[in-house]
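Side-chain atoms are counted along with the backbone in the values below, which use heavy atoms only and exclude waters and symmetry mates. Naming convention: chains lettered A, B, ... in sequence-line order (proteins, then strands); numbering from 1 in each chain.
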Protein chains: 2
Amino acid sequence: MEVTAPAPCRPSACLKVSQVLSRIGDKWSVLVIMRLRERSCRFSELKREVDGISQRMLTLTLRNLERDGLVSRTVTPSIPPRVDYELTALGHSLAEPVQALGAWAFQNMAQIEAAQAHYDGGERRP
Amino acid sequence: MEVTAPAPCRPSACLKVSQVLSRIGDKWSVLVIMRLRERSCRFSELKREVDGISQRMLTLTLRNLERDGLVSRTVTPSIPPRVDYELTALGHSLAEPVQALGAWAFQNMAQIEAAQAHYDGGERRP
DNA sequence: CAGTATCCGTACGGATACTG
DNA sequence: CAGTATCCGTACGGATACTG
């Protein structure tokens with residue numbers, strides 16, 4: 001697999017690309033995607049394992065991901081009800097570049113923190 | 001260059017990774033980074049070329065990127081003053097995975113829009 | 001269990017005016 | 001030119017209570 005596609009950035013296309021990226025940018029989507037990457041998951045499992053997410057936000061995040069075709073929702077009508085979420089093929093393909101970005105963040109975390117400390121240390125105004 | 005680093009996701013690390021990603025997630029950082037990827041740029045050029053950004057937001061975005069060590073700021077004391085921004089090595093290294101994500105977004109834009117249209121079409125409540 | 005409905009604070013970001 | 005300072009609306013997201 002090549003790292004092709006010079007990613008055109010004509011304003012028109014760029015706008016839509018931005019919209020797609022804003023989904024990645026929201027507070028929880030990436031965490032949910034990364035969690036679902038390992039295996040499909042029930043609602044309550046996600047709630048437990050995606051650290052700090054509220055019920056409301058988990059629902060909203062999953063609905064948006066479902067709407068974008070990144071996650072599929074499977075209801076098993078039982079008592080109590082059971083709902084499983086899993087990444088679609090599209091979702092899995094997104095997980096790859098997201099993962100790359102996560103790896104970058106992890107690898108360069110220390111350097112970023114150092115830069116921040118240095119920046120904050122050069123006190124502009126006491 | 002290998003695509004190593006399985007990106008650990010222990011809660012502790014994940015939190016910091018999330019913080020780094022939230023910078024990517026904000027409304028303008030990615031656009032500015034992509035613009036600076038081509039070549040360094042003056043403040044006013046960025047304002048003109050990053051479509052729709054306000055003066056205030058451009059300043060804030062650049063300050064944050066500078067603080068993270070992703071962008072460097074060079075002042076030329078002349079009249080009128082001249083300030084150039086360019087990606088640091090760290091900034092360039094970030095641009096790669098960001099670019100990959102952008103390419104993904106571009107390639108799958110149509111599929112996402114189709115999924116949205118389908119989702120919205122299955123009207124749950126009229 | 002897997003949600004929905006309300007309420008409510010705050011952070012984000014735009015518009016505008018001013019400045020070294 | 002390259003900013004800073006203010007003001008101000010809205011969207012995001014948390015807490016809480018309720019439900020099929």
Side-chain angles (χ1 to χ4, degrees), chain A residues 15 18-33 35-36 40-68 71-86 119 122-126, chain B residues 15 18-33 35-36 40-68 71-86 119 122-126:
Chain A
L15 201 74
S18 256
Q19 287 174 8
V20 174
L21 293 187
S22 75
R23 171 86 37 247
I24 307 310
D26 76 20
K27 198 174 176 185
W28 299 108
S29 291
V30 165
L31 275 334
V32 169
I33 288 171
R35 181 60 198 73
L36 287 178
S40 70
C41 227
R42 299 180 62 169
F43 185 87
S44 51
E45 288 180 284
L46 283 170
K47 182 153 167 18
R48 239 178 294 115
E49 296 179 23
V50 175
D51 201 57
I53 196 169
S54 68
Q55 194 142 338
R56 185 180 120 85
M57 276 305 109
L58 180 53
T59 302
L60 285 178
T61 300
L62 287 168
R63 289 293 173 276
N64 282 326
L65 292 174
E66 193 192 351
R67 178 167 182 268
D68 288 348
V71 158
S72 69
R73 178 172 180 273
T74 310
V75 181
T76 306
S78 55
I79 296 175
R82 174 190 180 103
V83 181
D84 288 272
Y85 292 92
E86 72 179 315
Y119 185 94
E123 47 218 81
R124 285 117 230 298
R125 220 159 291 185
Chain B
L15 202 74
S18 256
Q19 286 174 9
V20 174
L21 293 187
S22 76
R23 171 87 36 248
I24 308 309
D26 76 21
K27 197 175 175 183
W28 298 109
S29 292
V30 165
L31 276 333
V32 169
I33 287 172
R35 182 59 198 73
L36 287 176
S40 70
C41 225
R42 299 182 60 170
F43 185 87
S44 51
E45 287 180 283
L46 283 170
K47 182 153 166 17
R48 238 178 296 116
E49 296 178 24
V50 176
D51 200 58
I53 196 168
S54 67
Q55 194 142 337
R56 184 180 122 84
M57 276 305 108
L58 180 54
T59 302
L60 285 178
T61 301
L62 287 168
R63 289 294 173 275
N64 281 327
L65 292 174
E66 194 193 352
R67 177 166 183 270
D68 287 348
V71 158
S72 69
R73 180 173 180 271
T74 309
V75 181
T76 306
S78 57
I79 297 176
R82 175 193 179 98
V83 181
D84 288 273
Y85 292 92
E86 71 179 314
Y119 185 94
E123 47 216 80
R124 285 121 227 298
R125 220 159 292 186

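Taking atom CG of residue A/L46 and atom C1' of nucleotide C/dA2, one finds them 12 Å apart after rounding to whole Å. Taking atom CG on B/L58 and atom P on C/dG13, their separation rounds to 13 Å, with Å as the unit. The distance from atom CG of A/L60 to atom P of C/dT4 is 8 Å, rounded to the nearest whole Å. Between A/D26 atom CG and C/dG13 atom P the separation is 13 Å, expressed in whole Å. Note: CD1 (B/I79) to P (C/dT19) measures 18 Å, nearest angstrom. Across the protein-nucleic acid pair, A/K27 atom NZ and C/dC12 atom P stand 10 Å apart, rounded to whole Å. If you measure from atom CE of A/M57 to atom C1' of D/dA11, you get 10 Å, rounded to the nearest angstrom. The interatomic distance linking B/I53 (CD1) with C/dG14 (C1') rounds to 11 Å, in whole Å.
Not one side-chain nitrogen or oxygen of B/R82 sits closer than 4.0 Å to the OP1 or OP2 atom of D/dA2. For the pair B/S54 and C/dA15, the criterion of a side-chain N or O lying under 4.0 Å from OP1 or OP2 is not met. At least one side-chain nitrogen or oxygen of B/R63 sits closer than 4.0 Å to the OP1 or OP2 atom of D/dT4. Contact annotation: A/K47 does not reach the phosphate of C/dC1 (side-chain N/O to OP1 or OP2, under 4.0 Å).
Nearest-nucleotide mapping onto DNA chain C: of A/T59 and A/P80, the residue sitting toward the 5' end is A/P80. DNA chain D is contacted by both B/R56 and B/R48; B/R48 maps to the nucleotide lying nearer its 5′ end (nearest heavy atom per residue).
The heavy-atom pair separating A/L31 from A/K27 by the smallest distance is CD2-O, 3.6 Å. The minimum heavy-atom distance linking B/L46 with B/R35 is given by the pair CD2-CG, 3.7 Å. Counting all heavy atoms, side chain and backbone alike, A/Y119 lies closest to B/R63 at OH-CD, 3.5 Å.
Among D/dG13, C/dA2, D/dA2, the nucleotide with an atom closest to any side-chain atom of A/R73 is C/dA2.
A distance of 11.5 Å separates CG of B/L21 from CG of A/D26, quoted to the nearest 0.5 Å.
Using a 4.0 Å heavy-atom distance criterion, A/S44 is classed as a sugar-phosphate-only contact.
Across every strand in view, C/dA15 sits in a pair with D/dT6 that passes the Watson-Crick or G-U test at under 3.5 angstrom. Both distances falling under 3.5 Å, in either a Watson-Crick or a G-U wobble arrangement, place C/dG20 opposite D/dC1.
The side-chain hydrogen bond (donor to acceptor under 3.5 Å, both in side chains) test with B/Y85 is passed by exactly one of B/R73, B/E66, B/E45: B/R73.
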